[in-house]
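This structure is a prediction, so every number in the text was calculated from the model and none was measured. No hydrogens, no waters, no symmetry mates; every other heavy atom, side chains included, goes into these values. In the text below, chain A, chain B and the rest are named by the order of the sequence lines, each starting its count at 1.
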2 protein chains.
Amino acid sequence: MLSKRYDAVNMNSSTALSALFLDIFRANAALVAAGDQLVAPLGLTSARWQVLGTVAMANSPQPVAHIARDMGLTRQSVQRLVNELADAGLVELRDNPHHRRAKLVCLSDKGQATFVSIHKLQRPWVDGLAEGMDVARIEAAAEVLRALRSRLEQGLDERAE
Amino acid sequence: MLSKRYDAVNMNSSTALSALFLDIFRANAALVAAGDQLVAPLGLTSARWQVLGTVAMANSPQPVAHIARDMGLTRQSVQRLVNELADAGLVELRDNPHHRRAKLVCLSDKGQATFVSIHKLQRPWVDGLAEGMDVARIEAAAEVLRALRSRLEQGLDERAE
DNA sequence: GTTGAATTGACAGTATGCTGTCAAAACGGT
DNA sequence: ACCGTTTTGACAGCATACTGTCAATTCAAC
């Protein structure tokens with residue numbers, strides 16, 4: 001009896017979870033697409049915007065590998081983006097007194113100005129999206145995603161052992 | 001007074017929404033990574049699995065463009081995946097009596113067998129992930145994501161006009 | 001029937017992120 | 001001081017998904 005009830009509950013949550021997967025895929029795609037369009041006038045993309053933001057918000061200049069950990073991406077991905085931002089003159093790579101190879105990523109003056117411009121675009125955009133949405137529901141959704149991610153990564157770790 | 005209260009509410013939901021964005025990015029990445037590992041033993045990837053599943057679940061064989069609309073992806077992305085699945089012998093492209101160029105994508109015998117194998121892997125995987133998660137919370141999260149995606153795409157449409 | 005719009009597949013190019021691998025550099029225990 | 005481990009950057013290769021463009025085909029309006 002108990003197992004039957006358990007199965008029923010589990011079946012429902014499994015079905016709901018499978019549906020959630022699709023919504024996550026779609027929301028992610030829509031988010032990246034919208035972000036790309038938002039910062040396109042500044043000559044940026046969604047990914048570069050995120051890296052620039054991480055660099056700007058950091059308390060002190062950090063090497064690439066540290067930024068990557070902050071963002072949950074691989075070093076290699078961030079390295080490429082940082083190199084491109086450096087080519088575009090938005091960030092500068094300064095010598096690191098504690099590590100000869102690991103240069104510190106800093107915003108250039110141009111990068112600072114761009115970051116300010118981004119904020120002026122981002123603020124009304126997010127406000128518009130959030131208008132009429134319930135804070136509690138948004139936070140509850142975020143909690144579910146974090147729980148899901150935690151379980152997913154736990155599963156990955158177990159397989160990796 | 002009212003505008004002040006409104007601003008305050010809006011500010012909070014904007015902040016919550018910005019945080020949700022990051023959780024969506026992370027959850028999406030974790031989901032793809034976990035999916036890749038899950039179906040790797042079958043020689044598949046997360047993306048090919050999704051295409052194969054869409055083909056398998058369709059009531060009748062569909063051309064590539066129709067599958068793409070189903071999945072919310074572009075024709076070109078799905079076309080490449082279908083071609084690769086065809087190369088691997090998992091799907092077959094049959095002549096379409098109603099359209100000379102738009103072949104119908106069908107599962108081959110090997111594709112059928114693979115789909116069954118996928119189910120045997122997927123079912124306990126999803127059940128394990130869903131275990132102990134609340135159905136109502138999952139569905140509420142999915143609703144928030146759908147609302148967000150709807151607003152994002154509405155914004156894209158407005159810009160495209 | 002003809003013409004114009006929409007659909008479809010094909011090809012090229014770009015952006016993002018991953019893994020794998022290597023060598024240089026820093027760190028830690030002995 | 002030494003040696004093994006970890007961190008870091010660099011390079012190569014692959015998978016995914018996007019846009020843009022073109023021609024073939026279908027479909028609808030006239």
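- Atom CG of Leu85(A) and atom C1' of dT16(C) are 13 Å apart (whole Å).
- In this structure, Gln79(B) reaches the dA10(C) phosphate: one of its side-chain N or O atoms is under 4.0 Å from OP1 or OP2.
- Atoms NZ (Lys103(B)) and C1' (dA24(D)) sit 13 Å apart, rounded to a whole Å.
- Listed for the Ser150(A) side chain is no donor-acceptor partner under 3.5 Å among the backbone atoms of Arg146(A).
- Comparing Thr45(A) and Ala65(B), the nucleotide of DNA chain C nearest to each residue sits closer to the 5' end for Ala65(B).
- Gln50(A) comes within contact range of no nucleotide atom at all, as no heavy-atom separation falls under 4.0 Å.
- Computed from coordinates, the Arg75(B) CZ to dT19(D) C1' distance equals 11 Å when rounded to whole Å.
- Under 3.5 Å, the side chain of Gln76(A) and the base of dG20(C) form at least one donor-acceptor pair of N or O atoms.
- Here dG17(C) is the nucleotide among dG17(C), dC18(D), dT16(D) with the atom lying nearest to any side-chain atom of Leu73(A).
- Put simply, Thr74(B) has no side-chain N or O that comes within less than 4.0 Å of OP1 or OP2 on dA17(D).
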Practice task
Please step through side-chain contact (heavy atoms from CB on, under 4.5 Å) for the pair Val32(A) and Phe25(B), ending with a clear verdict.
Solution key: CA-CA 9 Å; Val32(A) 172; Phe25(B) 289 141; 3.9 Å; yes
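- The NE2-C1' distance, from His99(B) to dT7(C), rounds to 6 Å in whole Å.
- Gln62(B) comes within 4.0 angstrom of no nucleic acid atom, judged by non-hydrogen atoms across all strands.
- In this entry the distance linking CG of Asp36(B) with P of dC14(D) reads 16 Å, nearest Å.
- Formation of a donor-acceptor pair under 3.5 Å by the Asp36(B) side chain with backbone atoms of Thr45(B) is not found in this model.
- For dC18(C), the OP1/OP2 oxygens have a side-chain nitrogen or oxygen of Ser77(A) closer than 4.0 Å.
- Computed from coordinates, the Arg101(A) CZ to dC27(C) P distance equals 15 Å when rounded to whole Å.
- Map Pro97(A) and Asn83(B) each onto its nearest nucleotide of DNA chain C; the residue landing nearer the 5' end is Asn83(B).
- Dashed line: the shortest gap from a side-chain N or O of Arg69(B) to OP1 or OP2 of dT8(C) is under 4.0 Å.
- No side-chain donor from either of Ser77(A) and Gln79(A) sits under 3.5 Å from a side-chain acceptor of the other.
- One can place CZ of Phe25(B) at 20 Å from P of dT16(D), the figure rounded to the nearest angstrom.
- Ring geometry, Trp49(B) versus Trp125(B): the interplanar angle exceeds 60°, so the pair is classed perpendicular (tilted spans 30 to 60°).
- Within the nucleic acid shown, Arg100(B) comes within 4.0 Å of sugar-phosphate atoms alone, with no base atom in reach, counting heavy atoms only.
- Checking the phosphate oxygens (OP1, OP2) of dT16(D), a side-chain nitrogen or oxygen of Arg80(B) falls inside 4.0 Å.
- With respect to Glu143(A) and Arg137(B), a salt bridge is recorded, a charged nitrogen being found less than 4.0 Å from a carboxylate O.
- Contact annotation for Val64(B): backbone-only contact, meaning every heavy-atom pair under 4.0 Å involves sugar-phosphate atoms and none involves a base.
- Regarding Trp49(B), its CH2 atom lies at a distance of 17 Å from the C1' atom of dA15(D), rounded to whole Å.
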